[in-house]
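Residue numbers begin at 1 in each chain, while the letters A, B, ... track the order of the sequences.
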Protein chains: 2
Amino acid sequence: MNFQQLRIIRETIRQKFNLTEAAAALYTSQSGVSKHIKDLEDELGVQLFVRKGKRLLGLTEPGQALSSIVDRMLIDADNIKRLSADFTSTNEGELIIATTHTQARYVLPPIVARFKQAFPKVHLILQQASPVEIAELVSHGEADIGIATESLTGYPQLVSFPYYRWEHSLIVPQGHQLSQQKTITLSDLANWPLITYHGGFTGRSKIDETFRQAKLTPDVVMSALDADVIKTYVELGMGVGIVASIAFDPERDRRLQQIETSLFGENVTLLAVRRNHVLRGFAYKFIELCNSELDIKVVREAALSEVA
Amino acid sequence: MNFQQLRIIRETIRQKFNLTEAAAALYTSQSGVSKHIKDLEDELGVQLFVRKGKRLLGLTEPGQALSSIVDRMLIDADNIKRLSADFTSTNEGELIIATTHTQARYVLPPIVARFKQAFPKVHLILQQASPVEIAELVSHGEADIGIATESLTGYPQLVSFPYYRWEHSLIVPQGHQLSQQKTITLSDLANWPLITYHGGFTGRSKIDETFRQAKLTPDVVMSALDADVIKTYVELGMGVGIVASIAFDPERDRRLQQIETSLFGENVTLLAVRRNHVLRGFAYKFIELCNSELDIKVVREAALSEVA
DNA sequence: GATGCTTACGATACCCGTAAAGATA
DNA sequence: TATCTTTACGGGTATCGTAAGCATC
C-alpha cells in the first residue's frame with residue numbers, strides 16, 4: 001500500500017470510476033492507474049470496485065468501507081504538509097474567510113485591520129455569502145473559516161465555535177412613536193409594518209420563532225439581506241427595522257434611532273472550520289483575534305477531534 | 001512521503017530516539033532508517049528531531065505536532081488491512097476480551113456459548129483483570145474489547161458503550177435476622193459487619209458513596225475481588241454480603257439468601273473499544289450478542305468518530 | 001573502546017509511461 | 001468505430017543492505 005494507490009482510489013471514485021479521467025486528474029498514465037488498483041486489490045485480497053467485464057461501475061461493500069478511511073489518510077497527509085509548511089513559512093499565503101454581510105460590514109473590520117498588521121504578506125479574501133453557502137464553502141475546502149449566525153451547525157464535516165453573542169434591536173426614524181414608549185411589547189410591534197432580514201440570515205429564524213411562540217403574526221413588509229438596505233427603507237418611513245444591535249452606528253445613522261430590546265433573545269454568531277483539517281498558523285491567529293478564548297490549541301484539537 | 005518513513009518516525013519515537021533499535025524493531029537496516037528520516041525532513045523542510053551532533057535526543061515542536069497525525073495515519077493503514085481481512089476472512093482469528101470476574105463468571109457464559117457456536121474457528125481469550133488494567137489493556141491494543149463497571153470512562157483513547165444496568169443486593173445466611181425485616185435501611189446495614197468488593201471493583205465506589213452521602217460509616221470487615229469469595233465468608237457467618245444481584249444463584253447458593261434492595265442505586269456495566277480502531281467483524285458480533293442495540297454500525301461509527 | 005549515526009555504493013525491486021491487444025458501448 | 005481497460009515490456013528511479021567512516025559517550 002502506498003500513497004499513490006490511495007490517491008488513485010480516491011480520484012477514481014471522484015471521477016465516477018473512469019480510469020482515464022482519474023489518470024488525467026493525477027497527471028499520470030491510465031495504465032499505471034489500472035495497475036495500481038489491481039495491485040492494491042491483490043495486496044488487500046479484496047475487490048474494491050464493482051466491474052462489468054473491463055468497466056468499473058462502482059464500489060463494492062469493502063470498497064465503500066475503505067473509501068472513508070482512505071479519505072482521512074489523504075487528508076492527514078495534507079495536514080502533515082500544511083503543518084510543516086507552517087513551521088518553515090514566512091507567514092505568506094492565502095486566507096479565505098466566508099462570511100455574511102453583517103460580519104463583514106460591522107464586526108470584522110477592526111479584526112481584519114489587526115490581522116493585516118500582524119501578517120502583511122497574507123492575502124486575505126473575504127468571501128461574502130449566505131449562511132448555507134458559507135457552510136458549503138468551508139465543507140468543500142473552498143474557504144478556510146466560515147463565520148455566520150445560522151446554518152453552521154448540523155454539518156458533520158464542520159466544527160464550530162461560539163464567536164460572540166448579540167441581540168436584535170429596533171431601528172426607527174427619529175421621533176417615531178415607538179421611541180416615546182417606555183416599554184415595547186411584541187404585540188406592540190405586531191401592529192407596525194416591519195423590515196428585517198431575509199429568512200436564513202442574521203437571526204431571522206429567532207425573530208420568527210419569537211413571534212410564533214407568542215402566537216402573533218408580524219407584518220413583515222420587506223426583508224433584505226443586510227442591515228444597510230433595511231436602514232435605508234426605515235429612513236423612508238416604510239416600517240420599523242429589526243436589525244442586529246451592532247449594525248447601528250449613531251454617527252452615520254443620524255436620521256435613525258436605535259431602541260434596545262431583549263424581545264428576541266440572544267443570538268450566537270459561530271465560527272466554523274473543516275473537521276479533520278489543519279489550517280495554516282495565521283488562520284488560527286485570525287480566529288484568536290476574533291475571540292481570544294479560541295486559541296490555536298483549542299481550535300486545532302477540536303477540529304482534529306481525538307487523534308489520541 | 002511514504003509509509004515506511006511514517007513507520008520509522010513512529011518507531012524512532014517509541015524506541016526513545018535510538019535509530020539502531022528502531023531499525024531492529026522494523027526488521028530493516030539502521031542506515032535505511034537514518035536516510036528515511038533525513039529524506040522526510042528534507043521533503044517537509046522541517047527538522048523533526050532534536051539532535052546533538054549525531055545523536056537524536058527528542059522531538060522538535062513540528063515533530064510533536066506531526067507525531068499524533070502520523071500515528072493516526074498508521075492506525076488507519078491498519079484499519080484498512082483489518083477491514084479487508086474481514087471481508088475475505090473465513091471468520092478465523094483471535095478475539096481478546098478483557099473483563100472482570102463478575103462478568104466472566106456470571107454474565108458472559110451464555111454469550112460466549114452463543115459466540116462459539118456462531119464462530120467456532122475464532123480463538124476466544126477471556127483475560128481477567130481489574131477495571132484499571134482492563135482500560136490499559138484495551139488502550140494499548142492488547143485486548144479488543146473491555147468490559148467492566150468502573151474505570152472505562154475518562155480514557156480518551158477508549159470509546160465506551162452502556163452494556164447493561166444492574167443493582168447490588170444483600171446476601172445473608174439462611175434465616176439471618178435481616179431476612180425477617182420488612183424493610184432494610186442504610187443505618188440498619190451500618191450496624192452489621194459487611195463483606196463486599198474491593199475498591200475499584202464492581203460498583204464498590206457506588207456503595208462507598210451511598211454510605212458517605214448518608215453520613216454513615218459502614219463496618220466493612222472484609223473486601224474481596226469477586227462474589228465467590230464474598231459468598232464463602234458470608235456462609236461462614238462473618239458478615240452480610242453486598243454483591244451484584246446477578247452473582248446470586250439460588251441453585252448453587254442454597255445456604256444463602258438474597259435480599260433485593262435498591263439502597264445503592266443503579267450501576268452501569270460498560271463495554272469499551274479502542275478509539276479510531278477497526279475491529280474484526282466477529283468482534284462486533286460479540287458486542288452485538290452482549291447488547292443487541294450495539295450493532296456493528298453503531299459501534300464502528302462511534303469508534304471512528306467522524307471520518308466524514 | 002563501545003555505541004550510535006551518517007555517507008557511499010552496488011544490487012534489487014518498484015514505479016512509470018509507451019505501445020499493443022482486448023473488451024465494451 | 002470510438003472509448004475504455006488490461007497486459008506486456010523497457011527505462012528510470014527509489015529502496016535496501018553492506019560496509020566504511022565519523023561522532024558521541
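To the nearest angstrom, C1' of D:dT7 lies 14 Å from CG of A:L19. Atoms CZ (B:F3) and P (D:dT15) sit 14 Å apart, rounded to a whole Å. As a whole-Å value, the separation of A:L26 CG from C:dC16 P is 10 Å. For the pair B:L40 CG and D:dA14 P, the interatomic distance rounds to 15 Å; values are reported in whole Å. Rounding to whole angstrom units, CG of residue B:N18 and P of C:dA2 are separated by 18 Å. With rounding to whole Å, B:I37 atom CD1 is found 14 Å from D:dT15 atom P. If you measure from atom CD of B:Q4 to atom P of C:dA13, you get 16 Å, rounded to the nearest angstrom.
Ionic pairing of B:R274 and B:E142 is not present here: no N-O contact between side-chain nitrogen and carboxylate oxygen is shorter than 4.0 angstrom. Taking the charged nitrogens against the carboxylate oxygens, B:R51 and B:E41 do have a contact shorter than 4.0 Å, which makes a salt bridge.
Open room surrounds NZ on A:K38; 12 or fewer heavy atoms of other groups in view lie less than 6.0 Å from it.
Checked against the 6.0 Å centroid threshold, A:F115 and A:F119 count as a close aromatic pair.
Within 4.0 Å of A:K38, counting heavy atoms only, lie sugar-phosphate atoms of the nucleic acid but no base atom. Residue contacts for A:F17: at a heavy-atom cut-off of 4.0 Å it reaches the sugar-phosphate backbone alone, with no base atom in range.
Side-chain contact between B:L95 and B:R280 is absent, with no heavy-atom pair separated by less than 4.5 Å. Taking 4.5 Å as the limit, some side-chain heavy atom of A:L270 sits within range of a side-chain heavy atom of A:T153. Residues A:F161 and A:N291 have side chains not in contact (no heavy-atom distance under 4.5 Å, counting atoms from C-beta outward).
The shortest heavy-atom contact between B:L108 and B:F286 is CD2-CZ, 4.4 Å.
If you find the closest nucleotide of DNA chain C to A:H36 and to B:K35, the one lying nearer the 5' end belongs to B:K35. The residue among A:N2 and B:L56 whose nearest nucleotide of DNA chain C is located toward the 5' end is B:L56.
Judged by distance alone, with hydrogens and angles left aside, the side-chain atoms of B:S84 form a donor-acceptor pair with the main-chain N or O of B:I80 at under 3.5 Å.
In the set D:dC4, D:dT15, C:dT6, the nucleotide with an atom closest to the side chain of A:T20 is D:dC4.
One axis for each end of the helix from C:dG1-D:dC25 to C:dA25-D:dT1, each built from five base pairs, and the angle between them comes to 40° at 10° resolution.
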Nucleotide-resolved protein contact map, nucleotides 18-25 of chain C, B/S/- at heavy-atom distance under 4.0 Å:
BB--BSBS

